[in-house]
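First up is the structure itself, then whatever we jot down about it.
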There are 2 protein chains.
Amino acid sequence: MATVEPQVPRANGKTRIQARNEARIMAAAETVFADHGFRGATVDEIAQAADMSKPNLLYYFKSKAALYRAVLEHTLRIWLEPLKEIDADKDPETEIRNYIARKIEASAGHPNASRIFASEMLRGAPVLADHLRGDLKSLVARKSAVIEQWIAEGRLAPIDPIHLIFMIWATTQHYADFAVQVKAVWGKGDLGPKDFAQIEAAVSEIVLRGILPRKG
Amino acid sequence: MATVEPQVPRANGKTRIQARNEARIMAAAETVFADHGFRGATVDEIAQAADMSKPNLLYYFKSKAALYRAVLEHTLRIWLEPLKEIDADKDPETEIRNYIARKIEASAGHPNASRIFASEMLRGAPVLADHLRGDLKSLVARKSAVIEQWIAEGRLAPIDPIHLIFMIWATTQHYADFAVQVKAVWGKGDLGPKDFAQIEAAVSEIVLRGILPRKG
DNA sequence: GTCTATAAGCGGATAGAC
DNA sequence: GTCTATCCGCTTATAGAC
């Protein structure tokens with residue numbers, strides 16, 4: 001396979017090997033950081049999970065902290081994407097329902113991202129603090145304004161937008177972060193697509209009944 | 001103060017000094033384990049927080065793991081208490097409302113307990129796994145049956161009890177575990193009694209609207 | 001009960017050969 | 001790019017003086 005130009009820089013400035021190894025390291029790091037948090041994770045454990053020696057890993061990421069920051073950035077994109085898509089010009093019920101669906105999809109598809117984010121919050125968010133007070137706060141402010149507008153138009157019950165958003169975050173994330181507990185108490189093995197469909201239906205039902213205006 | 005019998009065993013088999021030092025260690029351990037999880041916490045950090053030397057701490061708890069188990073047990077009692085109090089013979093709306101209130105009270109009053117529990121879940125609950133599948137599962141089964149009964153009597157909308165319970169756990173815990181994020185996004189400093197009262201009102205409102213039968 | 005000293009091993013990170 | 005060997009500080013836990 002390796003023929004003429006194994007380490008010729010590519011479009012993004014990385015060789016094939018670089019791109020492949022960095023991806024392998026990131027994937028391994030996500031599971032270890034998710035399990036044990038920043039301080040509890042060890043470079044050696046990550047290297048072994050990536051099937052690589054410790055010095056070789058540190059050739060790609062110059063420190064444990066740098067690797068953590070890279071993982072956290074990746075995590076953040078997955079975490080924020082769904083909220084951005086809420087659209088003021090569409091139907092509130094559809095938008096909230098779709099938001100819950102996308103959040104649960106994210107929890108199901110990227111459980112480690114959710115757990116890394118949770119772990120960073122638990123320790124007081126030393127790395128993400130600025131981001132929370134900046135980008136995230138203003139994003140939530142914009143979407144809260146959308147919800148306020150829907151309420152003013154009588155299309156949603158008069159609930160506090162910020163606590164609605166917190167409730168959706170909390171609930172959807174719960175199924176990823178507390179998966180062991182959910183499985184133990186619900187009496188399930190690993191959660192499959194059918195389980196997540198059921199979760200989505202149950203959560204949407206309670207939340208939407210809770211925020212839609214009464215017809216009668 | 002220290003007069004005649006400083007190390008005479010007391011009713012619970014512990015001297016005054018033992019009781020006092022164990023309490024100090026537990027309190028210190030709770031904050032450190034809450035911040036960094038089991039693996040990320042260090043005995044030295046806990047000892048310093050308890051204003052005590054490391055060997056002296058290990059005189060009271062023979063290992064880091066033993067100390068962690070003691071802290072987790074204490075945590076668990078706080079975490080489980082509110083659910084046990086739900087009473088089938090009383091009014092569903094009152095019982096659910098009080099349950100949410102007690103849970104938020106626990107999050108406000110014992111944020112470290114909540115975060116330690118969360119951290120244990122994140123790493124897959126190696127210490128609590130048996131407990132989850134045993135005591136907790138059967139407790140939830142009993143309370144789910146109560147909710148099912150209320151639904152059968154037409155006093156609650158037909159929602160899935162287990163997801164209702166998960167939603168209440170997730171939401172109330174969110175305000176303790178993700179406190180940094182809540183504060184940053186909500187634009188508050190430390191959350192005071194007034195803030196928690198507001199949280200309780202907002203959460204109760206959405207959840208209760210979501211599960212009470214429609215009058216019309 | 002509390003301390004200092006220390007054992008024994010793990011942690012992140014680097015040097016330098018290939 | 002990848003490895004072995006290694007530095008050195010930190011970690012849990014114990015020994016033994018006071």
Side-chain angles (χ1 to χ4, degrees), chain A residues 1-10 12-26 28-29 32-33 35-72 123 126-127, chain B residues 1-10 12-26 28-29 32-33 35-72 123 126-127:
Chain A
M1 283 198 69
T3 52
V4 231
E5 37 184 6
Q7 59 248 62
V8 167
R10 323 197 75 202
N12 53 8
K14 301 191 179 190
T15 66
R16 286 180 190 81
I17 291 178
Q18 271 171 352
R20 202 205 57 187
N21 281 350
E22 284 179 12
R24 259 171 50 198
I25 293 168
M26 292 277 285
V32 177
F33 282 133
D35 279 345
H36 301 294
F38 174 69
R39 272 176 44 166
T42 71
V43 174
D44 202 32
E45 199 175 355
I46 297 170
Q48 281 178 31
D51 205 25
M52 193 177 290
S53 71
K54 189 163 54 167
N56 199 18
L57 185 156
L58 289 167
Y59 169 79
Y60 289 100
F61 293 88
K62 71 176 182 306
S63 72
K64 178 183 172 181
L67 174 56
Y68 181 71
R69 277 192 301 273
V71 167
L72 208 50
R123 67 184 192 132
V127 175
Chain B
M1 283 191 71
T3 52
V4 230
E5 36 184 8
Q7 59 248 65
V8 167
R10 323 198 75 201
N12 54 7
K14 301 189 178 189
T15 66
R16 288 179 188 81
I17 290 179
Q18 273 172 351
R20 203 204 58 189
N21 281 349
E22 284 178 13
R24 259 170 52 197
I25 293 168
M26 293 276 286
V32 177
F33 282 133
D35 280 343
H36 300 293
F38 175 69
R39 274 177 41 166
T42 71
V43 174
D44 201 32
E45 201 175 353
I46 297 170
Q48 279 178 32
D51 204 26
M52 192 176 291
S53 71
K54 192 162 52 166
N56 199 17
L57 185 156
L58 288 166
Y59 169 78
Y60 289 100
F61 294 88
K62 71 175 182 306
S63 70
K64 177 182 171 181
L67 174 55
Y68 181 71
R69 277 193 300 275
V71 167
L72 208 50
R123 67 184 191 133
V127 175

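Chain identifiers are assigned alphabetically (A, B, ...) following the order of the sequence lines, protein sequences preceding nucleic acid strands; residue numbering begins at 1 within each chain.
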Problem - B/Lys64 side chain to B/Phe38 backbone, donor-acceptor under 3.5 Å - result: yes
Practice task
Could you tell me whether the side chain of B/Arg24 and the main chain of B/Ala50 form a donor-acceptor pair under 3.5 Å?
Solution key: yes
Problem - side-chain hydrogen bond (donor to acceptor under 3.5 Å, both in side chains) partners of A/Arg39, counting only residues at least two apart - result: B/His36, B/Glu45
At less than 4.0 Å, is any side-chain N or O atom of [X] found next to OP1 or OP2 of [N]? Yes or no.
| X | N | result |
| --- | --- | --- |
| B/Ser53 | C/dT2 | no |
| B/Tyr59 | C/dG1 | yes |
| B/Tyr60 | C/dT2 | yes |
| B/Asn56 | C/dG1 | no |

Separation of [Y] [atom2] from [X] [atom1] (nearest 0.5 Å):
| X | Y | atom1 | atom2 | result |
| --- | --- | --- | --- | --- |
| B/Ile46 | B/Tyr68 | CD1 | OH | 11.0 Å |
| B/Glu22 | B/Leu67 | CD | CG | 10.0 Å |
| B/Leu57 | B/Met52 | CG | CE | 6.5 Å |

In whole angstrom, what separates [X]'s [atom1] from [N]'s [atom2]?
| X | N | atom1 | atom2 | value |
| --- | --- | --- | --- | --- |
| B/Phe38 | D/dT11 | CZ | C1' | 12 Å |
| B/Ile46 | D/dA13 | CD1 | P | 11 Å |
| B/Ile25 | C/dT2 | CD1 | C1' | 12 Å |
| B/Leu57 | C/dC3 | CG | C1' | 14 Å |
| A/Gln48 | C/dC10 | CD | P | 12 Å |

Fill in the blank from the handout: For nucleotides 12-18 of chain C, 5' to 3', base contacts (B), sugar-phosphate-only contacts (S) and non-contacts (-) with protein non-hydrogen atoms under 4.0 Å give BBB----
